[in-house]
Amino acid sequence: MSQVYDPREIEKRWQAKWHEDRTFRTPNPGDSDFDPDRPKYYVLDMFPYPSGAGLHVGHPIGYIGSDVVARRARMQGHNVLHPMGFDAFGLPAEQYAIETGVHPGEFTRANIDTYRRQLQMLGLSYDWDRELATCDPEYYRWTQWIFTRLFDRGLAYQAEVPVWWCEALKTVLANEEVINGRSERGDHPCERRMLKQWMLRITAYADRLIDDLDHVDWPDSVKTMQREWIGRSEGAEVDFRLELEGAEPLTVFTTRPDTLHGATFMVLAPEHPMVAALATEDQRSAVQEYVRQAQVKSDLERTDLAKSKTGVFTGSYALNPLLDPSSPEARVPIWVADYVLMGYGTGAIMAVPGHDERDHEFATQYGISISQVVAPEGGEPDPEVCFTGSGVAVNSGELDGLSTEDAKARAIELLSELGTGRPKVTYRLRDWLFSRQRYWGEPFPVVHAEDGAVHRVSDDELPIQLPDVDDYAPAADGSAPLARATEWLKASTADGAPATRDTDTMPGWAGSCWYYLRFMDPHNATAPFDEEVQRYWGNVDLYVGGVEHAVLHLLYSRFWHKVLYDEGLVSTPEPFQKLFNQGMLTAFAYKDSTGRLIPTDQVDVSEEGGKSKETGEPLDQVISKMSKSLRNVVNPDEVIEEYGCDTFRLYEMFMGPLSDSKPWNPRDVPGCRRFLDRVWRLFVDEAGDSSVRGQLLEEDCEGEATEALERHLNRAIKRINDSFGPFNFNTGIASLMTFVNEATKAPEAFTRSQAQRFALALSPFAPHITEELWSRLGGEESVSKATWPEVDDRFLQDAEYELVVQIRGKLRGKVMVPKGADKGALEAAAREAVEELLAGQEVVKVVVVPERLVNFVVK
RNA sequence: GGGGGAGUGGCGGAAUCGGUAGACGCAUCGGCCUUAAAAGCCGAAGUCCGCAAGGACGUCCGGGUUCGAGUCCCGGCUCCCCUACCA
């Protein structure tokens with residue numbers, strides 16, 4: 001039998017054995033083999049949406065990183081929960097179904113199979129017994145169950161909200177599907193329509209979603225993004241009386257009630273319900289035309305800062321509540337402009353052009369008067385400048401002289417006394433639009449009674465399964481595909497009255513809101529998860545995924561988790577204790593002299609750089625995202641086929657810190673394979689016929705060379721350990737390489753114990769080769785169940801070290817000195833080393849840093 | 001416009017507290033082995049000047065603090081990611 005390293009054979013064999021032995025099965029509390037004495041560790045990857053294209057080499061980098069963590073945690077004696085599943089409802093499968101008529105479930109299953117195969121090929125130590133897919137009725141049964149809890153708590157409601165409607169496609173489109181007011185697919189015109197939609201009252205949790213960020217170990221950037229997304233701002237609501245007969249006052253929200261005296265006009269969002277009533281006879285047609293145009297503008301167009309602001313005067317006036325109604329300043333014109341958004345605050349503002357950039361721009365453009373009511377601290381108001389900072393109130397009646405902070409408080413007091421204002425906290429965060437008129441999603445577990453009342457179905461009716469339909473596209477009248485399932489629609493209320501089912505489905509985010517909880521107890525048929533099991537696993541200790549989910553998924557998930565916490569179903573207020581974002585894996589792409597991108601398969605790569613295969617023209621190498629259109633996507637199957645999975649894993653971890661974005665360089669991959677070859681040959685004589693070198697089966701030898709290796713090995717294990725904090729496994733791997741380089745120079749000094757510890761330390765990164773070597777060394781059980789090696793501090797220190805000698809901070813010599821030598825001895829040794837250079841110089845100062853250097857400062 | 005991150009050899013990157021800049025890997029060059037090549041093993045290598053010993057310069061640019069700065073402070077440039085009229 002050949003003793004040559006053959007990763008293909010080894011990897012296949014061990015993967016089969018892991019599968020057969022269920023090596024990575026994780027027992028739960030209650031299972032016979034569960035060991036309650038071990039601490040728990042839950043390390044989770046953000047599960048993927050299984051697209052038709054399969055994985056490219058960028059996808060698994062986070063999975064490999066978390067697998068390395070999981071494997072070491074197991075070896076350190078933890079009960080490790082490390083599962084994988086699939087986020088399987090969603091638009092791509094649905095679109096494919098509409099185009100082909102194939103059931104989206106069928107398409108999704110096939111994609112899941114591809115993904116599972118690819119993931120298993122990577123040797124990831126998931127407990128596959130816990131695999132789940134969000135489109136499985138046994139899973140979405142509990143997604144619906146959780147929805148009913150939200151419904152019971154009044155957190156789910158239906159409301160008329162503006163949504164994008166495309167007449168040509170007869171469907172509602174998501175914001176990101178609309179570009180410049182036209183559909184992304186087909187380029188058809190779109191408009192906003194008021195439609196009845198399911199909403200989740202996430203705003204009720206806004207403060208807790210902000211405050212509890214203080215208790216999780218997340219990157220500051222992500223915390224900041226979430227805080228800003230929620231966008232809490234404190235201010236006041238102010239009522240402006242209208243001149244219009246019998247009209248209710250117009251309420252605005254402002255964060256600067258102190259500037260009320262400087263409000264020279266008001267602005268309503270085009271969608272504001274009072275717009276029509278406020279448009280006077282001679283302004284009516286202009287207002288109507290403006291509102292119509294705003295309707296078809298996309299969010300992007302409306303918010304494009306490069307554009308100048310637009311608006312139109314309604315013809316009506318309001319009265320400033322803090323001014324004498326008879327004074328001319330009290331009377332402010334009301335405008336309509338699309339820089340005011342209906343979705344924020346009250347959809348109406350008091351405009352203070354003296355102290356707000358946007359209002360200033362608008363006022364300047366339309367010739368509206370500007371007044372200064374805040375002066376900079378210790379300065380005079382400058383009518384030329386829009387001063388948005390804090391200062392002192394001026395021209396503001398009894399607020400005059402107060403600091404901005406005090407003036408705000410005083411203004412709110414005055415308004416409260418008058419009954420025309422009140423303190424108010426507003427959030428940028430809106431309630432969550434939770435329904436889509438689509439097929440491939442969770443049906444809502446509710447029925448509509450004939451009287452219009454909405455009843456949630458009882459728990460024992462769940463799951464409300466998706467019915468089969470023959471056409472997945474929305475109907476011509478815009479109704480959802482589920483409306484076609486006429487039989488399925490027939491239902492009844494709890495007391496037997498006839499009712500119809502809801503034809504909307506939940507959005508793609510729903511299933512991913514709680515999957516980490518289902519992983520704890522994935523086959524539970526009577527509850528989403530067992531309470532005791534949940535209490536044991538607690539929350540996710542380490543959650544690894546891309547920054548693209550920094551806001552939405554993580555916010556929605558935290559919201560659901562908090563609702564479940566309030567229900568008493570989960571024991572922690574937050575779902576993910578530590579969050580880690582892996583960096584993006586980029587790839588080389590090539591540009592010609594005109595800046596056009598050339599697909600990688602049309603480029604000749606040589607030492608001098610890239611050249612076009614077609615024209616021979618030299619090309620510029622740039623680094624960019626992997627994408628189909630650049631044809632610079634690298635497929636992991638091919639890399640594994642050529643070099644083996646251990647090489648692939650090792651390379652991805654060796655490229656650099658896990659959090660950094662870095663380019664895949666095919667030329668670097670063989671270096672990692674060479675390292676594994678060297679490891680193999682250190683253990684196995686490829687020319688011989690024994691399973692490992694003879695000395696590795698014998699008692700440890702001793703000697704100077706062995707002791708030197710021992711120092712390298714301990715240093716390597718220490719650096720590996722250190723690399724788990726910042727996730728820079730590249731440094732740990734580098735020290736393993738150094739060890740192998742040293743051991744290769746003195747192979748006879750390499751002992752059995754060192755071989756074992758080395759295999760253990762390498763095993764999280766290269767699990768297959770180490771599994772093989774471990775068993776060849778006589779290991780009976782999987783290397784993944786062995787104990788992580790200890791570092792012996794005695795071997796981290798050398799008896800001597802190299803002392804650096806500097807003159808005026810410049811390196812001028814080096815000298816070996818014994819460890820622990822006192823400063824005087826160090827200085828003497830250093831002085832001797834640079835004696836000639838110091839001759840005739842006046843030393844004015846000597847800096848002695850033990851363990852480091854001696855610096856002579858000369859004149 | 002706002003927020004976050006980064007800038008070190010030909011390339012990916014290393015440098016724990018302010019203390020030898022460039023670990024480890026790739027690419028390159030040389031040697032050994034071989035009839036030869038590949039593989040493997042051993043070694044060289046920041047740039048410039050010099051036969052050499054040696055010297056000067058060097059972590060995006062300009063200042064500063066310090067015996068000493070890739071690291072700390074001030075000012076500027078470039079790139080990447082996120083976000084964007086939120087009153």
Side-chain angles (χ1 to χ4, degrees), chain A residues 219-222 224-225 227-229 231 233 235 252-256 259 267 299-300 302-307 309 337-341 343-352 355-359 361-362 426-430 547-548 550-551 581 583-584 586 588 607-609 621 623-625 650-651 654-657 659-672 674-675 677-678 681 686 719 722 725-726 728 730-738 741 744-745 802-814 844-847 849 851-858:
Chain A
D220 285 337
S221 57
V222 176
T224 303
M225 276 151 102
R227 286 197 191 98
E228 286 179 356
W229 186 263
S233 56
V252 302
F253 172 73
T254 178
T255 54
R256 294 294 300 272
T259 61
V267 185
D299 279 1
L300 211 71
R302 276 180 66 160
T303 57
D304 186 355
L305 284 169
K307 279 196 181 139
K309 293 187 171 28
D338 66 6
Y339 80 90
V340 172
L341 309 174
Y344 185 76
T346 62
I349 63 162
M350 62 176 216
V352 185
H355 306 285
D356 181 285
E357 297 281 1
R358 300 152 299 182
D359 298 342
E361 188 193 329
F362 192 83
T426 301
Y427 301 89
R428 208 190 81 114
L429 180 72
R430 319 286 157 82
V547 255
E548 64 271 21
V551 177
N581 298 126
M584 194 180 33
T586 51
F588 296 127
E607 268 166 60
E608 301 88 63
Q621 192 186 61
I623 287 172
S624 77
K625 264 185 197 181
L650 197 71
Y651 174 59
F654 184 63
M655 292 172 78
S659 56
D660 286 6
S661 144
K662 49 213 171 267
W664 175 274
N665 188 347
R667 300 228 277 184
D668 287 343
V669 179
C672 287
R674 266 201 289 269
F675 167 66
D677 285 334
R678 285 160 72 89
R681 286 196 300 268
E686 291 186 319
R719 288 193 70 184
D722 291 346
N728 55 354
N730 53 320
T731 61
I733 294 168
S735 67
L736 291 176
M737 288 174 171
T738 304
N741 290 344
T744 300
K745 286 178 205 162
E802 197 177 56
L803 181 74
V804 166
V805 186
Q806 297 179 335
I807 298 175
R808 267 207 259 129
K810 299 231 176 208
L811 177 67
R812 282 295 180 270
K814 295 172 187 177
V844 293
K845 187 175 176 183
V846 182
V847 181
V849 185
E851 315 261 309
R852 294 271 178 210
L853 55 74
V854 174
N855 187 12
F856 295 101
V857 185
V858 298

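In what follows, chains carry the letters A, B, and so on, assigned in the order in which the sequence lines appear, proteins first and then strands, with residues in each chain numbered from 1. Computed from a predicted model, the values in this text were never measured in an experiment.
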With rounding to the closest Å, how many angstrom separate the [atom1] atoms on [N] and [M]?
{"N": "B:A37", "M": "B:G31", "atom1": "P", "value": "11 Å"}
{"N": "B:C11", "M": "B:C82", "atom1": "P", "value": "26 Å"}
{"N": "B:A84", "M": "B:G46", "atom1": "P", "value": "48 Å"}
{"N": "B:U47", "M": "B:G9", "atom1": "C1'", "value": "9 Å"}
{"N": "B:A45", "M": "B:U28", "atom1": "C1'", "value": "9 Å"}
{"N": "B:C17", "M": "B:G13", "atom1": "C1'", "value": "23 Å"}
{"N": "B:A39", "M": "B:C32", "atom1": "C1'", "value": "14 Å"}
{"N": "B:G1", "M": "B:U8", "atom1": "P", "value": "25 Å"}

Look through every strand shown and name the nucleotide pairing with [N] as Watson-Crick or G-U wobble, where both distances are under 3.5 Å.
{"N": "B:G1", "value": "B:U83"}
{"N": "B:A37", "value": "none"}
{"N": "B:G43", "value": "B:C29"}
{"N": "B:A21", "value": "none"}
{"N": "B:A6", "value": "B:U78"}
{"N": "B:G58", "value": "none"}

Side chain of [X]: nearest nucleotide among [options]?
{"X": "A:M737", "options": "B:C85, B:G12, B:C24", "result": "B:C24"}
{"X": "A:T224", "options": "B:U20, B:G3, B:G13", "result": "B:G3"}
{"X": "A:N855", "options": "B:C67, B:G43, B:C24", "result": "B:C67"}
{"X": "A:V340", "options": "B:A87, B:C67, B:C24", "result": "B:A87"}
{"X": "A:P663", "options": "B:C24, B:A14, B:G12", "result": "B:G12"}
{"X": "A:R674", "options": "B:G19, B:A87, B:A27", "result": "B:A27"}
{"X": "A:M225", "options": "B:C82, B:A14, B:G12", "result": "B:C82"}
{"X": "A:R678", "options": "B:C42, B:C26, B:G12", "result": "B:C42"}
{"X": "A:S221", "options": "B:C24, B:C67, B:G4", "result": "B:G4"}
{"X": "A:D356", "options": "B:G12, B:A87, B:A15", "result": "B:A87"}

Atom-to-atom span, [atom1] of [X] to [atom2] of [N] - whole angstrom:
{"X": "A:R227", "N": "B:A84", "atom1": "CZ", "atom2": "P", "value": "18 Å"}
{"X": "A:N741", "N": "B:G40", "atom1": "CG", "atom2": "C1'", "value": "14 Å"}
{"X": "A:Y651", "N": "B:A27", "atom1": "OH", "atom2": "C1'", "value": "13 Å"}
{"X": "A:N728", "N": "B:A23", "atom1": "CG", "atom2": "C1'", "value": "13 Å"}
{"X": "A:R667", "N": "B:U28", "atom1": "CZ", "atom2": "P", "value": "7 Å"}
{"X": "A:K810", "N": "B:G55", "atom1": "NZ", "atom2": "P", "value": "11 Å"}
{"X": "A:R428", "N": "B:C82", "atom1": "CZ", "atom2": "C1'", "value": "12 Å"}
{"X": "A:E851", "N": "B:G18", "atom1": "CD", "atom2": "C1'", "value": "17 Å"}

Exercise. Report the residue (A:G347 or A:E802) whose heavy-atom-nearest nucleotide on RNA chain B is the more 5′ of the two.
Key: A:E802
Practice problem: Hey, which sits more toward the 5' end of RNA chain B by its nearest nucleotide, A:D668 or A:A734? | Solution: A:A734
Just by distance, do the side chain of [X] and the backbone of [Y] share a donor-acceptor pair under 3.5 Å?
{"X": "A:Y651", "Y": "A:N665", "answer": "yes"}
{"X": "A:D660", "Y": "A:G583", "answer": "no"}
{"X": "A:R812", "Y": "A:V805", "answer": "no"}
{"X": "A:R430", "Y": "A:G343", "answer": "yes"}
{"X": "A:D356", "Y": "A:D359", "answer": "yes"}

Self-check item: Shortest non-hydrogen contact from A:A550 toward A:V222
Solution: O-CG1, 3.7 Å
Does a side-chain N or O of [X] approach OP1 or OP2 of [N] to a distance below 4.0 Å, or not?
{"X": "A:T731", "N": "B:G13", "result": "no"}
{"X": "A:R812", "N": "B:U20", "result": "no"}
{"X": "A:K845", "N": "B:C67", "result": "yes"}
{"X": "A:N730", "N": "B:G12", "result": "no"}

Self-check item: Within 6.0 angstrom of A:R227 CZ, more than 12 heavy atoms from elsewhere
Solution: yes
Self-check item: Syn or anti for B:G76 (syn when the glycosidic angle lies within 90° of 0)
Solution: anti
Quiz prompt | Chi class for B:C57: syn within 90° of 0, otherwise anti | solution = anti
Quiz prompt | From A:R681 atom CZ to A:T744 atom OG1, the distance as rounded to the nearest 0.5 Å | solution = 8.0 Å
Practice problem: State whether the distance check finds a donor on one side and an acceptor on the other, under 3.5 Å, for side chain A:K309 versus base B:C85. | Solution: yes
Quiz item: Is the base of B:U20 touched by the side chain of A:Q806 through a donor-acceptor pair closer than 3.5 angstrom?
Solution: no
Practice problem: Just say parallel, tilted or perpendicular for the rings of A:F362 and A:Y339, cut-offs at 30° and 60°. | Solution: tilted
Under 4.0 angstrom, heavy atoms only, what part of the nucleic acid is [X] near: base, sugar-phosphate, or nothing?
{"X": "A:T426", "value": "nothing"}
{"X": "A:E548", "value": "nothing"}
{"X": "A:V804", "value": "base"}
{"X": "A:P657", "value": "sugar-phosphate"}

